[in-house]
Amino acid sequence: MTAQTSPASTPARPTFYVTTAIPYVNGDPHLGHALELVQTDVLARHARLRGRPTRFLTGTDDHALKNVSAARAADREVGGFVAERVEDFRALRPALSLSTDDFLSTSSDPRHRPGVEALWRRCAEAGDFYRRSYEGLYCAGCEQFYTPDELDASGRCPEHAPLPERVVEENWFFRLSRYGDRIREEIATGRVRINPAAKRNEVLAFVDAGCEDFSVSRPAARSDRWGVPVPGDPSQVVYVWWDALTNYVTALGYGGEGTDPADPGAADDYRTWWSGGDERVHVIGKGITRFHAVYWLALLLSAGEPLPTTIHVHDYVTAGGAKLAKSTGTAVHPVGLVDAYGTDALRWWFAREVPLLGDAEFTTERLVARHDDELAHGVGNLVNRTLTLVHRFRDGVVPALPRTLASAPDELGSAVGQVAPAVDAALADADLRTATGAVWRIVDAANRYVDAEKPWELAARERAGGTGTGERLDEVLARLVEACRVVAVELSPFVPDGAARLRAQLGAGTRVSPPTPVFPRLA
C-alpha cells in the first residue's frame with residue numbers, strides 16, 4: 001500500500017543553522033564585526049519569515065594569544081579582562097537589533113571545552129596528529145604561521161601591518177595533507193558551496209597548490225596557560241583556530257554527555273541542527289576563508305562529522321581605502337553610529353551599499369544619504385501618501401478590490417508578484433544588495449503608480465458623479481495599501497525596527513492608522 005498523507009499535514013520545512021565567525025576580544029567591536037552580524041541576521045530573519053526552523057549563533061573567540069597580550073598591556077588578569085570585553089560584543093545584539101538564538105564565549109561557556117576535547121580525541125583516533133619542532137614566521141594578528149611566499153613584497157602579512165616574528169617551538173601537527181583530494185571533491189561538486197564563485201576558485205587554487213600539515217597546538221607557557229589543554233599533553237594548549245572553529249558544534253552540545261553522533265541518545269540540538277540538519281551555513285570575512293573552507297573541513301572529515309553546506313564569504317568595509325581594524329586604528333564603533341544615526345540607517349547601509357564581491361567604502365555622508373533618499377523619502381513618502389489618501393477619501397478604511405475590475409498586469413503588479421522569489425534567490429547567495437533591490441522596485445513602481453493614477457482627481461470626479469470613478473479609486477487605494485504591506489513584510493529582515501513601525505501603521509485588516517514619520521530624515 002502507498003502511504004497516504006493527511007490533507008491537514010504539511011511537509012517539514014528544511015532547517016537552517018547559520019553562524020558568524022567569532023571575533024577576538026582584544027579591542028572594541030568595529031564596523032566590520034557589525035557588517036557580518038547584520039548580514040547573518042538578515043539570512044536568519046528571512047528564513048524565519050519563510051517559515052523555516054532557524055538557529056542563529058554568534059559569540060567570541062577568547063583564547064587568542066592577542067587577547068593575552070592585550071590583557072598584559074592593560075596590566076589585567078586575562079580571565080577578567082576577556083570576560084569584560086565579551087560583554088562589549090554581547091551589547092551589539094540590542095544595538096543592531098539582532099535576532100541571535102545563541103551566544104558562545106569560548107572561555108566561559110560550559111559547553112565549549114568538552115566539545116573541543118571530543119573533536120581532538122576523534123582526530124587522534126584517526127591517526128591525524130604527530131608532534132614535531134617547527135620554525136616559522138608568525139603573525140600575531142592572524143594567529144597564524146606564514147611561509148615567505150605568502151607574505152607581501154615587504155615581508156608583511158597581507159592582513160596586518162607589523163612584520164611577522166620568527167618563532168621556534170614544538171607543537172602538535174594535523175595531517176592536512178591526507179585530506180586535500182577529499183576537500184577538493186567536496187567543494188568542486190558543490191556539496192560544500194563556497195559563495196561567491198570567485199572565493200570558491202581561490203580556495204580550489206589553494207588546495208591545488210598542495211595542502212601542507214599545520215600546527216594545531218601552542219606551548220602552554222607561551223600563553224600563560226590560557227586556553228584548552230591538549231588532551232593527554234597539558235604542556236600544550238589547543239591552537240586558537242582549532243578551538244574557535246569548534247564553536248559551531250560545541251554550541252549544539254557536541255562532546256557533552258551522550259552526544260556521540262552514533263548514539264541514539266545524542267544531544268537533540270546537535271542532531272537537529274548539524275548531524276541531521278538540512279543547511280549548515282557559515283558567514284565569514286575573506287581573511288579567514290582558508291580556516292573555514294580548508295582546515296575546518298579537514299578536521300570534520302577526520303572526526304567523521306558532517307560538513308557545512310555553505311560558506312558565504314564577504315569582503316571588507318573600508319575607510320579611506322583601508323580595512324577597518326583595531327590594529328590599524330581605523331575601527332569605527334557601531335554603537336556610536338547607532339546612537340548618532342539609528343539602527344535602521346546602519347542596517348540599510350549594509351544592505352544597500354555592500355556588494356556581494358568587493359570592499360565597501362564607508363562614510364557617514366553615504367550612510368545618511370542612503371537612509372534619507374530611500375527609507376525616508378522613498379518608503380516613507382510612499383506610505384505617508386497612501387495612508388493620507390485612504391484617510392482623506394475613505395476615512396481610514398481600506399477598500400476591497402472591486403470584483404468588476406480586472407486590471408491588466410502592470411509594473412506595480414509585476415513588482416509585487418515577483419518580490420518574494422527574487423528576494424529568496426538573492427539571499428540564497430547572501431546578496432543583500434540584489435534582494436533589497438527587488439523590494440525597492442515595489443516602492444519605485446508604487447510611487448509612479450500614484451503619480452499616474454492621480455487618486456485625488458479620481459476622488460474629485462467621484463464627487464462629481466463620474467461613472468466608475470469610485471470603483472477605480474477603490475482599486476487604486478487597495479492596491480497601494482497591499483503594495484505597502486508587502487514592502488513592510490519583505491523589509492523586515494533588513495530593517496526590522498522600521499518594518500515593525502510600518503506594519504503597525506498599515507495594520508493587517510480593513511483599517512489603517514493615520515500617517516506618522518516612520519523614517520525621519522537624518523539631514
Subject >> Geometric class of the H292/H282 ring pair [parallel <30°, tilted 30-60°, perpendicular >60°] >> reply: perpendicular
Original post:
Is the gap between the ring centers of W241 and F174 under 6.0 Å?
Top reply: no
**OP:** Take R191 and L307 through the test side-chain contact (heavy atoms from CB on, under 4.5 Å) and record every step on the way to the result.
**Re:** CA-CA 9 Å; R191 289 195 292 270; L307 305 183; over 6 Å; no
Original post:
Is R93 paired with E87 through a side-chain N to carboxylate O contact shorter than 4.0 Å?
Top reply: no
Subject >> Check: H371 and R521 side chains under 4.5 Å, non-hydrogen atoms >> reply: no
**OP:** Given salt bridge (Lys or Arg N to Asp or Glu O under 4.0 Å), test R352 with D373 step by step and report yes or no.
**Re:** CA-CA 12 Å; R352 297 294 285 153; D373 291 349; over 6 Å; no
Original post:
Under 4.0 Å between a Lys/Arg side-chain N and an Asp/Glu carboxylate O for R111 and D102?
Top reply: yes
**OP:** Go through the steps to decide whether T106 and N247 satisfy the test side-chain hydrogen bond (donor to acceptor under 3.5 Å, both in side chains), and finish with yes or no.
**Re:** CA-CA 7 Å; T106 59; N247 92 96; over 6 Å; no
Original post:
Under the 3.5 angstrom rule, does the side chain of S217 hit a backbone N or O of N171 as a donor-acceptor pair?
Top reply: no
**OP:** State plainly whether the residues K199 and D315 are in salt-bridge range, i.e. N to O under 4.0 Å.
**Re:** yes
Original post:
Hey, does R85 have a side-chain heavy atom less than 4.5 Å from the side chain of D28?
Top reply: yes
Original post:
Would you call R132-D213 a salt bridge at under 4.0 Å N-O?
Top reply: no
Original post:
Are a donor atom and an acceptor atom from the side chains of W348 and E374 found within less than 3.5 Å of each other?
Top reply: yes
**OP:** Output yes when a side-chain donor or acceptor of E117 lies under 3.5 Å from a complementary backbone atom of G255, and no otherwise.
**Re:** no
**OP:** Would you sort out whether E490 and R50 count as a salt bridge (Lys or Arg N to Asp or Glu O under 4.0 Å), showing the intermediate values?
**Re:** CA-CA 10 Å; E490 295 297 335; R50 298 297 191 247; 3.1 Å; yes
**OP:** Step by step, work out the side-chain contact (heavy atoms from CB on, under 4.5 Å) result for W242 and L119.
**Re:** CA-CA 9 Å; W242 176 295; L119 190 66; 4.0 Å; yes
Original post:
What is the ring orientation for H33 with H30, classed by angle as parallel under 30°, tilted 30 to 60°, or perpendicular over 60°?
Top reply: parallel
Subject >> Nearest heavy-atom neighbours spanning N67 and V78 >> reply: O-CG2, 4.3 Å
Original post:
Can you tell me how far CG of D372 sits from CG of L367, rounded to the nearest 0.5 angstrom?
Top reply: 9.5 Å
Original post:
Tell me, do Q236 and P229 make a side-chain contact under 4.5 Å, heavy atoms counted?
Top reply: no
**OP:** For the residue pair F362 and W349, categorise the inter-ring angle as parallel (less than 30°), tilted (30 to 60°) or perpendicular (more than 60°).
**Re:** perpendicular
Original post:
Do Y179 and D128 have side-chain atoms, one donor and one acceptor, less than 3.5 Å apart?
Top reply: yes
Original post:
At their closest point, which heavy atom of T250 faces which heavy atom of G115, and how far apart are they?
Top reply: CG2-CA, 3.5 Å
Subject >> Atom CG of N201 with >12 non-hydrogen neighbours under 6.0 angstrom >> reply: yes
Original post:
Is any side-chain heavy atom of V82 less than 4.5 Å from a side-chain heavy atom of W226?
Top reply: yes
**OP:** Kindly indicate, with the supporting measurements, whether the criterion ring-ring contact (aromatic ring centres under 6.0 Å, His included) is fulfilled by Y134 and F173.
**Re:** CA-CA 10 Å; Y134 182 79; F173 275 69; 5.5 Å; yes
**OP:** Answer yes or no: is there an ion pair linking D359 with K286, defined by an N-O contact shorter than 4.0 Å?
**Re:** yes
Subject >> L297 and P308, any side-chain heavy atoms less than 4.5 Å apart >> reply: yes
**OP:** May I ask you to check whether over 12 heavy atoms, not counting those of D208, lie within 6.0 Å of atom CG?
**Re:** yes
Original post:
Would a distance-only check, ignoring hydrogens and angles, find a side-chain to backbone donor-acceptor pair under 3.5 Å from R200 to G190?
Top reply: no
Original post:
Using the benzene-type ring in the case of Trp, are the ring centres of Y248 and W274 under 6.0 Å apart?
Top reply: no
**OP:** Decide whether T54 and R48 meet the rule of one side-chain donor and one side-chain acceptor closer than 3.5 Å.
**Re:** no
Original post:
For L92 and V335, what are the C-alpha separation, side-chain angles and deciding distance, and is it a side-chain contact (heavy atoms from CB on, under 4.5 Å)?
Top reply: CA-CA 7 Å; L92 294 178; V335 175; 3.9 Å; yes
Original post:
Any side-chain heavy atom of S177 sitting closer than 4.5 Å to one from E212?
Top reply: no
Subject >> R45 to F494, cation-pi by 6.0 Å centre distance and 45° axis angle >> reply: no
Subject >> side-chain contact (heavy atoms from CB on, under 4.5 Å) between F89 and I22, intermediate numbers included >> reply: CA-CA 10 Å; F89 286 83; I22 52 175; over 6 Å; no
Subject >> Carboxylate-amine/guanidinium proximity below 4.0 Å for R72 and D224 >> reply: yes
Original post:
Is the shortest heavy-atom distance from the side chain of V379 to the side chain of V518 under 4.5 Å?
Top reply: no
Original post:
Does the side chain of S492 come within less than 4.5 Å of L49's, by heavy atoms?
Top reply: yes
Original post:
Salt-bridged, D41 to R347, with N to O below 4.0 Å?
Top reply: yes
**OP:** Could you give me the CA-CA distance, side-chain angles and deciding distance for R52 and D278, then say whether salt bridge (Lys or Arg N to Asp or Glu O under 4.0 Å) is met?
**Re:** CA-CA 11 Å; R52 296 185 60 183; D278 297 296; 5.9 Å; no
**OP:** Tell me, please, whether Y17 has R280 positioned over its six-membered ring: NZ or CZ under 6.0 Å from the ring centre and within 45 degrees of its axis?
**Re:** no
